[in-house]
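None of these values were measured; they are calculated from a predicted model.
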Amino acid sequence: TFHIYDCNTYTKDFMCSEGIMLNAPEACPSDPYTLSRKEPQHSYVTPPTFDKLKQFIDLDRQVLRFSAVWDDRNNMFGEMRPYTLHFYRVDDTVEVREQRQPNDGHDPFPVLIGRKKIPKSRSKYSQ
């Protein structure tokens, strides 16, 4: 709805000449939207205390090394294959490398999983 609170002098003269009496001018009503825009925006998000630069400085070149075995002996021609799992603390990535033996009969592909982030919960990503 519109609320007319004032008009210019030409409009006042025209309305008087037509015999229409106008109300006294009122103050311009405040606009709630404009008032809300003038107020500062409330920020409810606390700034993070996690600092990537500090993590990099503190944890650079710190690698956790685990020994693992892929036991595939239940399948035909299966065998136990040793692997090394590297966990890089600086960026929480994982790499799985095969421990190669000379003349083991396998192609030289030493990296099973390249350095990457691995999801913590597999149920979110399985179909």
Side-chain angles (χ1 to χ4, degrees):
T1 61
F2 287 98
H3 177 74
I4 299 174
Y5 61 91
D6 198 5
C7 60
N8 62 4
T9 55
Y10 176 78
T11 305
K12 286 180 188 176
D13 293 340
F14 176 77
M15 296 299 268
C16 285
S17 69
E18 293 293 319
I20 300 173
M21 295 300 296
L22 297 176
N23 293 337
E26 300 174 7
C28 180
S30 60
D31 181 19
Y33 175 75
T34 306
L35 293 175
S36 70
R37 296 286 294 178
K38 289 181 181 178
E39 295 176 4
Q41 295 292 329
H42 298 289
S43 176
Y44 298 107
V45 178
T46 56
T49 58
F50 182 73
D51 185 13
K52 286 191 171 195
L53 179 61
K54 182 180 182 321
Q55 180 186 15
F56 178 77
I57 291 170
D58 292 343
L59 302 176
D60 189 29
R61 292 186 277 168
Q62 290 188 13
V63 179
L64 303 178
R65 183 177 177 165
F66 301 94
S67 297
V69 171
W70 182 355
D71 188 0
D72 195 30
R73 292 181 291 182
N74 292 337
N75 293 327
M76 184 182 281
F77 306 113
E79 60 185 341
M80 287 184 66
R81 298 179 82 173
Y83 287 90
T84 302
L85 187 140
H86 294 136
F87 180 79
Y88 298 90
R89 293 186 65 201
V90 69
D91 57 355
D92 299 332
T93 55
V94 174
E95 175 185 52
V96 179
R97 299 181 72 84
E98 183 179 3
Q99 294 177 1
R100 299 273 311 166
Q101 304 294 330
N103 294 326
D104 62 359
H106 296 289
D107 289 333
F109 294 104
V111 178
L112 179 67
I113 299 174
R115 185 174 174 178
K116 63 176 76 174
K117 286 187 180 271
I118 295 181
K120 292 182 181 181
S121 176
R122 195 175 69 127
S123 62
K124 292 180 187 176
Y125 305 100
S126 61
Q127 295 177 353

For a quick test of your reading: what N or O donor-acceptor pairs under 3.5 Å do the side chains of residues 7-16 make, sequence neighbours left out?
| residue | atom | partner | partner atom | Å |
| --- | --- | --- | --- | --- |
| Asn8 | OD1 | Thr11 | N | 3.0 |
| Asn8 | OD1 | Thr11 | OG1 | 2.5 |

Could you pull out all donor-acceptor pairs under 3.5 Å where a side-chain atom in residues 86-95 meets a protein atom, sequence neighbours excluded?
| residue | atom | partner | partner atom | Å |
| --- | --- | --- | --- | --- |
| His86 | ND1 | Glu95 | OE1 | 3.3 |
| Tyr88 | OH | Glu95 | OE1 | 2.9 |
| Arg89 | NH1 | Gln62 | OE1 | 2.7 |
| Asp91 | OD1 | Thr93 | OG1 | 2.9 |
| Asp91 | OD1 | Arg115 | NH2 | 3.1 |
| Asp91 | OD2 | Arg115 | NH2 | 3.3 |
| Thr93 | OG1 | Arg115 | NE | 2.9 |
| Glu95 | OE2 | Arg97 | NH1 | 3.3 |

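Side-chain heavy atoms closer than 4.5 Å link hydrophobic residues (I, L, V, M, F, W, Y) into clusters, and following such links, even through other members, never connects Tyr83 to Val69. Placement of Val63 and Val96 in two distinct hydrophobic clusters is found when ILVMFWY residues are connected by side-chain heavy-atom separations under 4.5 Å, directly or transitively. Hydrophobic clustering of Ile, Leu, Val, Met, Phe, Trp and Tyr side chains at less than 4.5 Å, counting indirect connections, keeps Ile118 apart from Val111.
Atom CG of Asn23 has 12 or fewer heavy atoms from other residues, nucleotides or ligands within 6.0 Å. Heavy-atom neighbours of Ile20 CD1 from other residues, nucleotides or ligands within 6.0 Å: above the threshold of 12. Within 6.0 Å of NZ in Lys116 there are 12 or fewer heavy atoms belonging to other residues, nucleotides or ligands.
Rounded to the nearest 0.5 Å, atoms NE2 (His106) and CD (Gln101) are 10.0 Å apart. The distance from atom CG of Asp51 to atom CG of Asp58, rounded to the nearest 0.5 Å, is 9.0 Å. Rounded to the nearest 0.5 Å, atoms CD1 (Ile4) and CD (Glu26) are 11.0 Å apart. Asp72 CG to Met80 CE: the interatomic distance, rounded to the nearest 0.5 Å, is 10.5 Å. Rounded to the nearest 0.5 Å, atoms NZ (Lys54) and OG1 (Thr49) are 10.5 Å apart.
Contact between Pro29 and Tyr5 at its shortest, heavy atoms only, is CD-CD2, 3.9 Å.
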Exercise for review: Before giving the answer on side-chain contact (heavy atoms from CB on, under 4.5 Å), spell out for Leu112 and Glu98 the whole-Å C-alpha distance, their side-chain angles and the decisive distance to 0.1 Å.
Suggested key: CA-CA 7 Å; Leu112 179 67; Glu98 183 179 3; 5.9 Å; no
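Between the side chain of Asp107 and the backbone N or O of Phe109 there is no donor-acceptor pair closer than 3.5 Å.
Legend: residues meeting salt bridge (Lys or Arg N to Asp or Glu O under 4.0 Å) with Asp71, ordered by chain and number and at least two apart, are Arg73.
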